[in-house]
Amino acid sequence: MNYTENEVKLWLNEVKDPEIPTISIVDLGMLEQITISPDSVIVEIIPTFSGCPALRYIQDEVFSCLTNHGIKEPIVLMNRTKSWSTDRITAQGRSQLLAFGISPPPETHSSLLESDLQNAICPKCHSLDTQLIVPFGPTLCRAIHRCNNCLETFEQFKPL
């Protein structure tokens, strides 16, 4: 096998979150580790939420991506011992969320403040004059906000 970690990581950018198809699992911060040995490629990913119904789908998509690039019998592991945080989302991933119409979570750096749950950026007009309407959106990882500037209702990816 003549694959590099960077090459495999580049390929994994093709694997998109099924709920937010503009963001890859790499930019979402789910990719934990790539291990390349003479006889295998092992990819370890971290679930964003332990109860996420898309985990098996994502695992299958990673497997398919790797086999489509010529890796025979890749191993895709779901690491449930490490905690994922929204701080793992890349700057590109945050931009992709905003472009998709979802306010990205603020960077918490492991200390979540109450204001982090209140002040979301409006994906339409980019105003910070927004209001939390409902802390529980269509999925566990999202909340519903309203912009006081353009009056748009939007989702925010909750900080975690």
Side-chain angles (χ1 to χ4, degrees), residues 1-113 115-117 119-123 126 135-145 154-160:
M1 290 189 189
N2 293 325
Y3 309 108
T4 66
E5 278 188 50
N6 286 339
E7 191 173 25
V8 173
K9 185 176 181 180
L10 185 64
W11 296 338
L12 292 175
N13 277 303
E14 299 169 12
V15 180
K16 305 297 184 184
D17 181 283
E19 294 176 357
I20 310 167
T22 58
I23 188 169
S24 74
I25 63 164
V26 174
D27 286 321
L28 197 51
M30 292 179 71
L31 179 61
E32 175 61 20
Q33 186 171 329
I34 299 168
T35 305
I36 300 174
S37 68
D39 58 341
S40 70
V41 173
I42 301 169
V43 173
E44 183 180 318
I45 53 180
I46 299 174
T48 54
F49 290 90
S50 62
C52 178
L55 294 179
R56 182 62 190 188
Y57 175 83
I58 292 169
Q59 212 170 359
D60 291 346
E61 287 296 300
V62 170
F63 183 88
S64 293
C65 174
L66 297 175
T67 56
N68 289 341
H69 283 282
I71 297 175
K72 294 183 182 4
E73 302 299 323
I75 299 168
V76 184
L77 302 174
M78 189 68 64
N79 183 333
R80 296 177 189 273
T81 62
K82 292 192 177 180
S83 295
W84 177 85
S85 161
T86 52
D87 287 341
R88 293 178 62 106
I89 301 173
T90 66
Q92 181 173 331
R94 290 172 187 282
S95 295
Q96 291 165 335
L97 286 171
L98 198 58
F100 188 70
I102 297 175
S103 181
E107 293 186 47
T108 61
H109 303 291
S110 300
S111 59
L112 185 62
L113 303 173
S115 62
D116 292 333
L117 300 172
N119 302 323
I121 185 170
C122 174
H126 301 277
F136 307 103
T139 62
L140 291 174
C141 59
R142 298 188 215 166
I144 306 295
H145 292 260
F154 62 92
E155 295 176 21
Q156 178 195 33
F157 202 100
K158 292 183 206 175
L160 176 69

Between Glu7 and His69, do the side chains contain a donor N or O and an acceptor N or O under 3.5 Å apart? no
Run the numbers on Gln92 and Asn13 for side-chain contact (heavy atoms from CB on, under 4.5 Å), then give the verdict. CA-CA 12 Å; Gln92 181 173 331; Asn13 277 303; over 6 Å; no
Whether Ser24 side chain and Glu14 backbone form a donor-acceptor pair below 3.5 Å: no
pair Gln33-Asn79: side-chain heavy atoms closer than 4.5 Å: no
Using side-chain heavy atoms (C-beta onward) and a distance below 4.5 Å, is Arg94 in contact with Ile121? no
Determine the sole option in Leu28, Ile58, Leu77 for which the side chain to side chain contact (heavy atoms under 4.5 Å, CB included) test with Ile45 is passed. Ile58
Using every non-hydrogen atom in the two residues, find where Ile34 and Lys9 come nearest and quote the distance to one decimal. CD1-N, 3.7 Å
4.5 Å side-chain heavy-atom contact, Phe63 and Pro74: yes
Straight-line distance of Leu66 CG to Ile71 CD1, nearest 0.5 Å: 4.5 Å
Walk me through whether Trp84 and Ile89 qualify under side-chain contact (heavy atoms from CB on, under 4.5 Å). CA-CA 10 Å; Trp84 177 85; Ile89 301 173; 4.0 Å; yes
Shortest non-hydrogen contact from Glu32 to Lys82? OE2-NZ, 2.8 Å
From CG (Leu97) to CD1 (Ile23), nearest 0.5 Å: 4.0 Å
Crowding at CZ, Phe49 (>12 non-hydrogen neighbours, <6.0 Å): yes
Grab the two heavy atoms, one from Val26 and one from Thr90, that are nearest each other, plus how far apart they are. O-CG2, 4.2 Å
Point-to-point distance, once rounded to the nearest 0.5 Å, from CD of Glu61 to CD1 of Ile25: 9.5 Å
For the residue pair Leu98 and His126, establish whether any side-chain heavy-atom pair is separated by less than 4.5 Å. yes
Determine the minimum heavy-atom distance between Pro105 and Thr86, stating which atoms define it. CG-CB, 3.6 Å
Rounded distance (nearest 0.5 Å) linking atom CZ of Arg80 with atom CG of Leu55: 5.5 Å
Pairwise side-chain contact, Ser103 with His145, heavy-atom cut-off 4.5 Å (strictly under): no
Give the C-alpha distance, both sets of side-chain angles, the deciding distance and a yes or no for side-chain contact (heavy atoms from CB on, under 4.5 Å) between Asp17 and Thr48. CA-CA 11 Å; Asp17 181 283; Thr48 54; 5.7 Å; no
Pro21 and Lys16: which non-hydrogen atoms are nearest, and at how many Å? O-CG, 3.5 Å
Search all heavy atoms of Ile144 against all heavy atoms of Phe136 and return the closest pair with its distance. CG1-O, 4.4 Å
Atom CD in Gln156, atom SG in Cys122: separation rounded to 0.5 Å? 12.0 Å
Distance (rounded to the nearest 0.5 Å) between Arg142 CZ and Lys158 NZ: 11.0 Å
Any donor-acceptor pair under 3.5 Å from Asn68 side chain to Ser64 backbone: yes
